[in-house]
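To start, the structure under review is shown below, and the notes come after it.
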Amino acid sequence: MGREPVDFSLWLQERVEHIEGVLEQVLPSAETVPEGLHHAMRYAVLGGGKRVRAALVYAAGEASLQTGSEASAQRIALDHAAAAVELIHAYSLVHDDLPCMDDDALRRGRPTVHVKFNEATAMLAGDALQPLAFELLGLMPIAPALTVQATQLLARSAGSLGMVGGQAIDCGSVGHALTGDQLQQMHRMKTGALLEASVLLGGIVAGASSATRAGLESYAGAIGLAFQVVDDILDVTSDTATLGKTAGKDAAENKPTYVSIMGLDGSRDLLRSLCDQAHSALLPLGPSAAHLAGIANYIVDRDR
């Protein structure tokens, strides 16, 4: 694996704390009518989490800005983009946990939203988080053409050709054998699309050059898939307390995973290859991509 900056852990902690504050501000108050819905939205979003997607937005923004060119408007726009991807991710988890989907009772070590509140409130909370994400993109203080690019990217990545489409394939694949190529397509859509969008949003907001965007795209494709490979490995090697969600659920429900198709050793080999690809893609970007390199290592080494 490539080297990462010695201050990466501190940088990541600062980014996580920062985006928590941003999300706290952009979410409606729990005292605003309808109170129950807003309470559920805040519960879903502010319940912890790794904030990898937000960190990718910020790190890609750093890698794309010219030295000394960062302005307050771009910082605000990066905050909006980072918050938007976290809101879309949170909505997807709320809906994914519903009884009609994965029917899970635990998320981030706490009761899932439909367990804490009820199914209707959980559904509506997820529904409400989606438009809020796009509202934030519309408020970015950058060139209108870049706002349009960012909005189209996130919409496509979250829709039927991205995350939702991948989830549909996943639901239809329970109990069915998939080839390696089919599994990769499913996960590039279900998990990879939003992670890739996070990287590319940072580049768009920061005005990345075409050469930088090409590097970001290659990096994003590798880490988007790597994230899911790690998830599949952890589902069979970790425990519920560590994961903060039900361990072993994929195997219990006979879902196709990298481990079920390639085995643990094969999955780990693929993971190492993807990490190498991610670092190689960053080489042309130079030192400004150091935090993207750190995130690649963090994704591969994570235990939850």
inquiry  = Side chains of Thr121 and Asn118: any donor to acceptor distance under 3.5 Å?
reply    = yes
message = Starting from Val115, can I reach Val113 by hopping between I/L/V/M/F/W/Y residues whose side chains sit under 4.5 Å apart?
response = no
inquiry  = Any side-chain to backbone donor/acceptor pair from Thr212 onto Ala208? Under 3.5 Å, distance only.
reply    = no
note = Smallest heavy-atom separation, Ala226 atom then Leu271 atom, equals O-CD1, 3.6 Å
query = Distance-only, no hydrogens or angles: does the Thr191 side chain make a donor-acceptor pair with backbone N or O of Arg188 under 3.5 Å?
reply = no
message = Can you give me the closest heavy-atom contact between Ala222 and Ala278, atom names plus distance?
response = CB-N, 3.8 Å
message = Please determine whether side chain to side chain contact (heavy atoms under 4.5 Å, CB included) holds for the pair Tyr298 and Val52, giving the CA-CA distance in whole Å, both sets of side-chain angles, and the decisive distance to 0.1 Å.
response = CA-CA 9 Å; Tyr298 172 79; Val52 170; 3.7 Å; yes
Side-chain touch Ser92/Met163, heavy atoms, less than 4.5 angstrom = yes
task = Keeping the roles fixed (side chain from Ser260, backbone from Pro256), state whether a donor-acceptor pair exists under 3.5 Å.
result = no
key: His38 side chain near Glu35 side chain, heavy-atom distance below 4.5 Å   = no
request  = Can you spot which of Glu20, Glu24, Glu31 makes a salt bridge (charged side-chain N to carboxylate O under 4.0 Å, His left out) with Arg42?
outcome  = Glu24
ask   = Does the separation of the ring centres of His291 and Tyr58 fall below 6.0 angstrom?
value = no
Please report, to 0.1 Å, the donor-acceptor pairs under 3.5 Å made by any side chain of residues 132-155, with sequence neighbours excluded.
unit_1 : atom_1 : unit_2 : atom_2 : d
Gln149 : OE1    : Arg213 : NH1    : 3.0
Gln149 : OE1    : Arg213 : NH2    : 3.1
Thr151 : OG1    : Thr147 : O      : 2.8

inquiry  = Between Glu62 and Ser288, does the side chain to side chain contact (heavy atoms under 4.5 Å, CB included) criterion hold? Intermediate values first, please.
reply    = CA-CA 6 Å; Glu62 290 178 3; Ser288 64; 5.9 Å; no
query = Hey, does Ile88 have a side-chain heavy atom less than 4.5 Å from the side chain of Leu129?
reply = no
key: Separation between CG of Asp102 and CG of Leu93, rounded to the nearest 0.5 Å   = 10.5 Å
request  = For Thr179 and Gln182, work out which heavy atoms get closest and say how close.
outcome  = N-OE1, 2.9 Å
ask   = Is there side-chain contact between Ile19 and Val57, with heavy atoms separated by less than 4.5 Å?
value = no
key: ILVMFWY network linking Leu183 to Leu161, side-chain heavy atoms under 4.5 angstrom   = no
request  = Start with the C-alpha gap between Phe8 and Ile295, add the side-chain angles, then the distance that decides, and say whether side chain to side chain contact (heavy atoms under 4.5 Å, CB included) holds.
outcome  = CA-CA 8 Å; Phe8 173 74; Ile295 294 175; 3.8 Å; yes
note = With Asp232 as partner, the option from Thr257, Thr237, Leu264, Ile261 fulfilling side chain to side chain contact (heavy atoms under 4.5 Å, CB included) is Thr257
note = One should read off an interatomic distance between Leu106 CG and Asp97 CG, to the nearest 0.5 angstrom, of 9.0 Å
request  = Report yes if some heavy atom in the side chain of Leu274 is under 4.5 Å from a heavy atom in the side chain of Ile223; otherwise report no.
outcome  = no
query = Do the side chains of Leu201 and Ile76 join up, straight or via other hydrophobic residues, at under 4.5 Å, putting them in one cluster?
reply = no
task = Check whether any side-chain N or O of Thr32 sits under 3.5 Å from a backbone N or O of Pro28 as a donor-acceptor pair, and report yes or no.
result = no
inquiry  = Under a 3.5 Å distance rule, please check whether Gln228 uses its side chain to pair with a backbone N or O of His187 as donor and acceptor.
reply    = no
query = Within 45° of the six-membered ring axis of Phe227 and under 6.0 Å from that ring's centre, is NZ or CZ of Arg302 located there?
reply = yes
note = Of all heavy-atom pairs linking Ala55 and Leu12, the shortest is CB-CD1, 3.8 Å
message = Same cluster or not: Met123 versus Met101, using hydrophobic residues (I, L, V, M, F, W, Y) connected whenever any side-chain heavy atoms lie under 4.5 Å apart?
response = no
key: From CG (Leu98) to CG (Asp103), nearest 0.5 Å   = 9.0 Å
task = Check whether any side-chain heavy atom of His39 sits under 4.5 Å from a side-chain heavy atom of Phe117, and report yes or no.
result = yes
remark   = Of all heavy-atom pairs linking Val94 and Gly126, the shortest is CG1-N, 4.4 Å
inquiry  = Would you compute the distance between atom CD1 of Ile299 and atom CG of Leu225 and round it to the nearest 0.5 angstrom?
reply    = 11.0 Å
ask   = Tell me, do Ser218 and Gln277 make a side-chain contact under 4.5 Å, heavy atoms counted?
value = no
His176 (side chain) donor-acceptor with Val174 (main chain) under 3.5 angstrom = yes
ask   = Hey, mind stepping through Asp96 and Arg107 against side chain to side chain contact (heavy atoms under 4.5 Å, CB included) and telling me if it holds?
value = CA-CA 10 Å; Asp96 194 41; Arg107 172 69 66 179; 3.9 Å; yes
ask   = Can you tell me how far the NE2 atom of His89 sits from the CZ atom of Arg51, to the nearest 0.5 Å?
value = 8.0 Å
note = Distance col, row Cys275:SG vs Asp301:CG, nearest 0.5 angstrom, shows 7.5 Å
Least distance between heavy atoms, Ala293 atom then Leu282 atom = N-CD1, 3.4 Å
ask   = Can you check whether Leu194's main-chain N or O pairs, donor with acceptor, with Arg53's side chain at less than 3.5 Å?
value = no
Arg110 charged N/C atom sitting above Tyr43 aromatic ring, 6.0 Å / 45° = yes
task = Answer yes or no: is there a side-chain heavy-atom contact under 4.5 Å between Leu87 and Leu27?
result = yes
